Amino acid sequence: MFPEYDLIVVGAGHAGCEAAAAAAKLGSKVLLITMNMNTIAQMSCNPAMGGIAKGQIVREIDALGGMSGIIADQSMIQFRMLNKSKGPAMWSPRAQNDRMRFAEAWRLALEATPNVDFWQDMVREIVVKDKRVVGVKTGMGLAIKGKTVVLTNGTFLNGLIHIGEKQFGGGRTGEGNATGLTEQLVSLGFEAGRMKTGTPPRVDGRSLDYKKMEEQPGDEQPGTFSFLPTTQPLRQQRSCYMTYTNKKVHQILESGFSQSPMFTGRIQGTGPRYCPSIEDKIKRFAERERHQIFVEPEGWHTVEIYVNGFSTSLAEDVQQKAIQAIAGFERAKMFRPGYAIEYDYFPATQLKNTLETHRIENLYFAGQINGTTGYEEAACQGLMAGINAHQKVQDKTPLVLSRAEGYIGVLIDDLTTKVTDEPYRMFTSRAEFRILLRQDNADLRLTPIGHQLGLASDERLARTQAKEKGVAQLLKSFKTQKLLPETINPQLMHLNASPIKEKQTVYQLLKRSELNLALLAPLNEALSEQLQAYDQEILEQTEIQLKYAEYIEKEREQVDRVKRLENYRFPNDFNYEAIRALSAEAIEKLARIKPATLGQATKISGVSPADISILMVYLGR
């Protein structure tokens, strides 16, 4: 009934979609298996893409040739660049999306991708022969052959939903859970754990009073995620709104704590630290009299509203009473209550940095099965797993991004070297080279890599090269082009800045924090005409590289030092126990995690600088 596939992707969430699309575009024959064809790329939680650090990931996915940025652009209803008051390393794009359009766009994109087949079924087990995966078995009893398998099961593995004292099996509301796979993987020697996440109630927007809330419109000049011109900025946007909880809300919520699965011990899994439930917030931060609530529309035309900041697993009646005590929600009607969900995951220290498992060859894990949270974190893992599964089938070199090449590299390095006991979420603070890893230069960093793989198109590479050339031309010109004191001083006096005494180059002037191209261009006709020949993306990139040149250079020097450690590679059969000078903890951690390089070993908790020095001497021999 089925041919042998190069890649079988289990699960069609954000990770599964990216894995299937990437491998198929590269030429692999792919089967995407999902329990429900109608929920491909479902936005299970908030209808948004990007945000702090997450926006950088989406732009990196796009730069490599992935699809998440394009799909987000096609379905967005609002765009905002977060952290604009801070330096460019902190700027993070975020889009509010139409939930239904997002899922539809992904499905249509996959259906339009040659080499992708679909099958609606549950995968109950993988087929393993000589410690190598060779296919899967489904709930219908079908055996399907595959040279590689990527598991992207999300929250479905033995998923258990909690609402007050009620609990029932499910991967998300209205959908069943996936059983059998966890038990088989454990029997094969994998270590499994249990995690928890949650979602807020959805309400009828027609029942809200927006006059009592603070409007949050999109940017006046909205941007896009994709570097391609095929998607255009929004001309019209939908606003979000903000309101707050209060003492009365907290009192109502506390009245339901005796039935809360979080506080009665029924929930065993660990929840996300940085996205806690509302009951967890008021218990942990009892001194706070209010918490922010973001009122987010689910699409262009639907009246359904996502109540961001009010994730809860309390009983339905408590949720209803509490939500109606929020300003603007006095007459709120719930469409469905919030709930918590527990699910199985597998610590990613059991994976190579290609996302292939150590224990079973050609088996890859991506997304929440690795203990992450968030669409963006899942999508980038799916992209990398799909790429590397294809590379493995073709007997080609895998793609591994370093911590200095992308947030994707930081995420995968963290997951595969550090033990995490809570859902992993990306932040800018996790990236030590974040001045280099900005959202604005993701194409310059990664598109050449994606093009060399065959994933990023010729058009992408041409646009990236044109951008790079344009920036270089402007920087060179600015170093010789000079402005006179009488030209620039009136502007400086207007800005309460110190005047210049002799003519200075545009390069020197732009180094001043109070000046930028928008202020300088009107002062010099030649400069103004010159800048009109370049698009805004090139102008912004030029200014960032110029103003932060010293900081960028310092980080590049740090990267060079770290790269020296990456040159020390461990053989696959390296015997750590043979090096008696290593600490017992280092031997245990290194043997379990199996770092690919000495640089990766430095990130492992329990491996000391002394252990690294010993390994360096040993490998140097």
Side-chain angles (χ1 to χ4, degrees), residues 2-24 28-42 44 106-107 110 115-128 132-159 171-172 175-188 190 192 343-346 348 350-351 355-357 359-372 378-379 381-390 392-393:
F2 293 97
E4 181 180 22
Y5 288 92
D6 294 316
L7 172 60
I8 297 175
V9 179
V10 181
H14 299 262
C17 288
E18 283 288 3
S28 283
K29 186 67 177 175
V30 177
L31 178 64
L32 180 60
I33 303 179
T34 174
M35 291 168 63
N36 188 344
M37 286 286 291
N38 294 321
T39 56
I40 289 174
Q42 179 80 280
S44 305
W106 248 122
R107 175 163 175 169
L110 287 168
N115 295 327
V116 176
D117 290 345
F118 302 86
W119 184 250
Q120 180 171 293
D121 205 343
M122 180 197 299
V123 171
R124 290 198 179 276
E125 62 178 281
I126 58 172
V127 181
V128 179
R132 178 195 295 253
V133 70
V134 293
V136 300
K137 287 184 179 178
T138 75
M140 293 185 189
L142 299 172
I144 307 173
K145 293 182 180 179
K147 296 175 184 176
T148 59
V149 173
V150 178
L151 297 183
T152 68
N153 303 81
T155 60
F156 282 78
L157 292 177
N158 292 324
R172 56 183 166 226
E175 298 183 63
N177 58 12
T179 58
L181 196 53
T182 294
E183 293 73 16
Q184 185 210 9
L185 291 172
V186 170
S187 72
L188 290 171
F190 286 94
Y343 55 95
D344 295 334
Y345 82 104
F346 293 83
Q350 300 171 99
L351 305 180
L355 298 181
E356 182 183 18
T357 68
R359 194 169 292 275
I360 303 296
E361 190 176 358
N362 293 349
L363 176 64
Y364 296 76
F365 291 172
Q368 283 179 283
I369 191 173
N370 289 335
T372 61
Q381 291 174 70
L383 176 72
M384 298 301 287
I387 290 171
N388 285 326
H390 167 83
K392 186 75 181 287
V393 169

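Quick caveat, the model's predicted, so the values are computed rather than measured. Numbers here simply count residues along the sequence, with the first being 1.
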Revision key, fill the gap. Rounded to the nearest 0.5 angstrom, the CZ-OG1 distance for Arg172 and Thr155 is 7.0 Å
Check your understanding: Is any side-chain heavy atom of Asn36 less than 4.5 Å from a side-chain heavy atom of Gln120?
Key -> yes
**Study point:** Side-chain donor or acceptor of Thr152 paired with backbone N/O of Gly11 under 3.5 Å
**Key:** yes
Exercise for review: List the atom of Ala23, the atom of His390, and the distance in Å for their closest heavy-atom pair.
Suggested key: O-ND1, 4.1 Å
Check your understanding: For the side chain of Glu183 and the backbone of Gly180, is there at least one donor-acceptor N/O pair under 3.5 Å apart?
Key -> yes
Review point. How many angstroms lie between atom CG of Leu181 and atom CD1 of Ile369, to the nearest 0.5 angstrom?
Key: 6.5 Å
Exercise for review: Evaluate the side-chain proximity of Val123 to Ile8: yes if any heavy-atom separation is below 4.5 Å, no if none is.
Suggested key: no
**Study point:** CD1 on Ile360 to CZ on Phe365, rounded to 0.5 Å
**Key:** 9.0 Å
Review point. Does Thr39 use its side chain to pair, donor to acceptor, with the backbone of Gln42 at less than 3.5 Å?
Key: no
Check your understanding: Minimum heavy-atom separation for Leu7 to Ala19, with atom names?
Key -> CD2-O, 4.1 Å
Study note, to complete from the structure: Output for pair (Leu32 CG, Trp119 CH2), nearest 0.5 Å, gives 13.5 Å
Review point. Please walk me through it: do Lys392 and Asn388 pass side chain to side chain contact (heavy atoms under 4.5 Å, CB included)?
Key: CA-CA 6 Å; Lys392 186 75 181 287; Asn388 285 326; over 6 Å; no
**Study point:** Verdict with reasoning, Phe2 to Asp117, per side chain to side chain contact (heavy atoms under 4.5 Å, CB included)
**Key:** CA-CA 10 Å; Phe2 293 97; Asp117 290 345; over 6 Å; no
Exercise for review: Start with the C-alpha distance between Thr179 and Arg124, add both sets of side-chain angles, then the distance that settles side chain to side chain contact (heavy atoms under 4.5 Å, CB included), and finish with yes or no.
Suggested key: CA-CA 6 Å; Thr179 58; Arg124 290 198 179 276; 2.9 Å; yes
Review point. What pair of heavy atoms forms the shortest contact from Cys17 to Ile40, and how long is it?
Key: SG-CG2, 3.7 Å
Check your understanding: Are side-chain heavy atoms of Leu185 and Leu151 found at a separation under 4.5 Å?
Key -> yes
Check your understanding: Between Ala22 and Leu383, what is the shortest heavy-atom contact and its length?
Key -> CB-CD1, 3.8 Å
Practice item. Enter the distance from Leu351:CG to Arg359:CZ here, rounded to the nearest 0.5 Å. Key: 11.5 Å
Check your understanding: Which atom names give the shortest non-hydrogen contact between Ala366 and Ala385, and what distance separates them?
Key -> CB-CB, 4.1 Å
Exercise for review: For the residue pair Arg107 and Met37, establish whether any side-chain heavy-atom pair is separated by less than 4.5 Å.
Suggested key: yes
**Study point:** Leu157 side chain near Tyr345 side chain, heavy-atom distance below 4.5 Å
**Key:** no
Practice item. Would you mind reporting whether Glu125 and Lys137 have side-chain heavy atoms less than 4.5 Å apart? Key: yes
**Study point:** Cationic N near anionic O, under 4.0 Å, Asp6 to Lys29
**Key:** no
**Study point:** Main-chain N/O of Ala15 paired to Gln381 side chain as donor or acceptor, under 3.5 Å
**Key:** no
Exercise for review: Kindly indicate, with the supporting measurements, whether the criterion side chain to side chain contact (heavy atoms under 4.5 Å, CB included) is fulfilled by Val9 and Leu31.
Suggested key: CA-CA 6 Å; Val9 179; Leu31 178 64; over 6 Å; no
Review point. Does Asn362 reach the side chain of Glu356, with side-chain heavy atoms less than 4.5 Å apart?
Key: yes
Exercise for review: On the 0 to 90° scale, with breaks at 30° and 60°, tag the Phe190-Phe346 ring pair as parallel, tilted or perpendicular.
Suggested key: perpendicular
Study note, to complete from the structure: On a heavy-atom basis, the closest approach of Trp106 and Ala21 is CZ3-CB, 4.2 Å
Point to revise | Gap separating the CG atom of Asn153 from the OG1 atom of Thr182, nearest 0.5 angstrom | key: 7.5 Å
Review point. Do Glu175 and Phe156 come within less than 4.5 Å of each other through their side chains, counting heavy atoms only?
Key: yes
Point to revise | Polar side-chain atom of Thr138 near backbone of Met140 as donor-acceptor pair, under 3.5 Å | key: yes
